[in-house]
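Notes to accompany the following structure.
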Amino acid sequence: MAVREAHIRRPIWALPLLLGRAVSKYSLVRNLGPFLPILFLWWLAVRLEVFPTAFFSGPAEVIASFGNLIYKGILPGYLEDSLYRLISGVFYSLVVGIPLGFLIGLNRTARRLAWPLLLFFQAIGDIAWLPILIIWFGFSLTTVTLVIVYTVIFPLMVNIVAGIDGVPEDLIRAARSLGASRWQVIWEVIVPGALPVIVTGIRTGLGYGWRALIAAEIIVGTSGVGFMMFDARRSAQVTEVFVGMIVLGVLWYATDALILAPLERSTIERWGMVHRPQEAV
Amino acid sequence: MRAVKSGSYPGHKLIDQTAQTLWFLAPFGILLLVWAAAVAISGVPERIFPSIGGVLQAAATMIADGSLVEHTWASIQRVVIGSLIAMALGVPFGIAMGINRYVAGFFTPILRFSVSLAGIAWIPLATLWFGYGSATVIFIIFNAVFFSLVYSTVLGVSSIPREFYRAAGSLGARRLQTILEVVIPGAMPQIVTGLRVGLGYAWRGLFAAEMIATNLGLGYLLFLSREFYETNKIILSMIIIGILWLLMDRLLLAPLEARTIQRWGMIREVK
Amino acid sequence: MNVGGWYTAPRKRYNMALLEIEHLSKSYFDVYTGEQVLAIRDVSFEIESGEFVAILGPSGCGKTTILNIIAGFVKPSSGKVLLHGRAIQGPGPDRGVVFQNFALFPWKTVMGNVTFGPKMRGIPREERERIAREYIHLVGLEGFEERYPHELSGGMQQRVGVARVLANHPEVMLMDEPFASIDAQTRMKLQEDLTRIWEERKPTIFFVTHDVEEAIFLSDRVIVLSSRPSVVTEVVDVQISRPRKWKDLVGNESFHKLRRHILSLLGGVQIDEQPEVIGEPGA
């Protein structure tokens, strides 16, 4: 195997550069192109009145409503609320989930104790916790944050454990026979080795967290995009519901495809590991 | 070859399995002890945090009057119907889209977009279209499983190495045979993973939808119990939800994966 | 002289052997058959400082397991491994390992990999980079310090593996079929390079292989194992002069005699009939 072109080294502080590249024209075109025919079909369906207008809005109305909501400051306001909740929820998830995940992954006793519990509580799901959380903490930011944390940490921890398990044994042995102590092995070998899978876990977790946020807002909320959709539905403002859905979809999709996915890919590529996980959705 | 026998006494496999199950259940035992102790020590009122006894009592009552079974069965039914429809439509659809690489590549962004919307975000719209009742819930489940399945199927089918098609062709297989014998098995790991992911989203969407849009089902039970501060029923419902999913996972998904992915030696993706 | 599997070397009277392996045995639980399998019955040998010793045997005879035991990755069922007369305690930098699949850290460059050992021992950056450069040059990879492993060919990666171990100045370098996953031509080049390095620096090397010619080419002594459950069949002295080049050995009569002798030792022993268990037992 001949030596390939030297890789451009990508130290961590080159991340902005990386982001810039990702949001480059080419990527956008490739990602947005397929939506054009869908948009056309949508417009056509409305024009031909395939569905009753009370239930189905066309692109024109949606755009108009979108503009209106922005103008009135409603949409940006709600968006801000939603994003704030999501970010704070994710922050706490990382703070709790990463150390916990590593503890379970590295310590045998912890794993034995925690793993069955993890599976079970993950099975209960975030939504099912809302009622009891509402009783304990009311209709508040705490409740929503807890739901998000709950949702995000499970895929995160599961992936951390899987990532730790997936580090090839030979690498660990190599490190030990080069004189690394227990902690050095963890820090120098296991963490970098598990990193790609962990990044996938963060990405998956974020996806779940986003959905949990919307559900929580629908049920609990007094503001936020989820709330907006539900409120609009109650006043039969179909167009606003559409706007909400599209904004959600676009936001998440953009974040995932343009930021998270490239981040994940470059973590893997940088270290040249032959490991293509299924695209986390 | 000489082998030294040790540790292989009759029935040791059964004992091993029992031991494993016990080890699995042990943490729950500890959890139950902690629960009982916490309630006893802190003296927290039943309405805020139920005791084990309270939950069991609620269970007994509800089983007696049949409501527990009613609600649980309603939820299960909806999951089954929604998933079956989704599978029946989604897999063929996915295969059709996936076979041509260019079509697959073209539609992938849209599919990813749809999956990111799957389930919960559709609830407001679904209630508008289908009103209140089972139809909405089934739609949400269908939606969640369908998009995830289509997306995974397309991914799976389009990643089948071209050599497989050539091999099949040069062994005399025609279009339909190729699909049945090569495409479907080849895409199986992805399809099964897609099913698992989709069911995960569906599971969440199910309860959210039931809370909002119906008056029957475990989600509704959760909602109702909250209104009346019947925390013992809430905890009971949560436990049942957890057990149901675990059962579904162990009895359905895991064997499915074992028979397809693991048996054929394909790597199972981590989710 | 062979006494039922225990090779007695003419011991230097005032020097203890560097590495003493005494009556190793190893059995493990085979998940496929549900039985305890005795892989290694009774293996003993010694290695002197500065020697190049190869160990060879049929598939499944446990030679890699022996290496893993010496490296400290695996505990023997019975027996002892003594380094300078003291029993070993798990893996350590005194016994560096070169792996068959290289085991380079993919997220580190060549320089990062080779400086790893010194870094673990707290040697300051300038010093360890200096050491690393010396060994990178020794294995012939000068100029590739900033490459990542996946940009290198198999042969080059293994050179890094060797440099990485040597930079740590181990007492013994344990090599586990290091050239098995490398193409034949590169392999011969690497073998010649290895002998060159050995002659320059005289590290003590314990080399596991299944390739008879490779064993003879590289080593001073070849330990031949029987099939499972293994014992030492014979230890063969390799009296071919150094430096050795492949092109010279083709016509060398001693080489061929040794080859035939060792092959007969291997062939004459009953071949293990059980299919090879996938995955290293006891690992």
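Chain naming here is simple, since letters A, B, ... match the order of the sequence lines and numbering starts at 1 in each. Predicted, not measured: the structure shown is a model, and the values here were computed from it. Only this structure's heavy atoms are used, side chains among them; waters, hydrogens and symmetry mates stay out.
To the nearest 0.5 Å, atom CD1 of residue A:I132 and atom NZ of residue B:K233 are 13.5 Å apart. Separating the CZ atom in B:F207 from the CD1 atom in A:I124 is a distance of 10.0 Å, to the nearest 0.5 Å. In this structure, the separation between CE on B:M211 and CD1 on A:I218 is 11.5 Å, given to the nearest 0.5 Å.
Looking at every heavy atom in both residues, A:T151 comes nearest to B:R204 through CG2-NE, 4.5 Å. The shortest heavy-atom contact between A:V250 and B:F113 is N-CE1, 3.3 Å. Shown here for B:A121 and A:L248, the closest heavy-atom pair between the two residues is CB-CD1, 4.1 Å. When all heavy atoms of A:V241 and B:P124 are compared, the pair lying nearest together is CG1-CB, 4.0 Å.
Proximity to chain A is absent for every atom of B:A26, based on heavy atoms less than 4.5 angstrom apart. Contacts of B:L222 with chain A are made by both backbone and side-chain atoms, with heavy-atom separations under 4.5 Å. For a residue to count as touching a neighbouring chain, one of its non-hydrogen atoms must lie under 4.5 Å from one of that chain's; by this rule A:W129 touches chain B with backbone and side chain alike. Looking at B:I212, the atoms closer than 4.5 Å to chain A (heavy atoms on both sides) all sit in the side chain, from C-beta outward.
B:W203 contributes a side-chain N or O that, together with a main-chain N or O of A:A123, makes up a donor-acceptor pair within less than 3.5 Å.
Both tests do not hold together for A:R112 against B:F24: distance to the six-membered ring centre under 6.0 Å, angle to the ring axis within 45°.
Ranked by heavy-atom pairs under 4.5 Å with chain A, the first of B:I30, B:L128, B:I234 is B:L128. Chain A forms the most heavy-atom pairs under 4.5 Å with one residue out of B:M248, B:E227, B:R226, and that residue is B:R226. Counting heavy-atom pairs closer than 4.5 Å to chain A, the top residue among B:L25, B:L31, B:T127, B:L206 is B:T127. Contact count against chain A (heavy-atom pairs under 4.5 Å) is highest for B:L246 among B:L244, B:L246, B:I243.
Side chains of A:I214 and B:I123 form no contact here, defined as non-hydrogen atoms less than 4.5 Å apart. No side-chain heavy atom of A:P131 sits less than 4.5 Å from a side-chain heavy atom of B:F223. Between B:L125 and A:F242, the closest side-chain pair of non-hydrogen atoms falls below 4.5 Å.
Between A:W136 and B:F49, the two ring planes are parallel [angle under 30°; tilted spans 30° to 60°].
Annotation for A:F120: atom CZ counts as buried by contact number, over 12 foreign heavy atoms lying within 6.0 Å.
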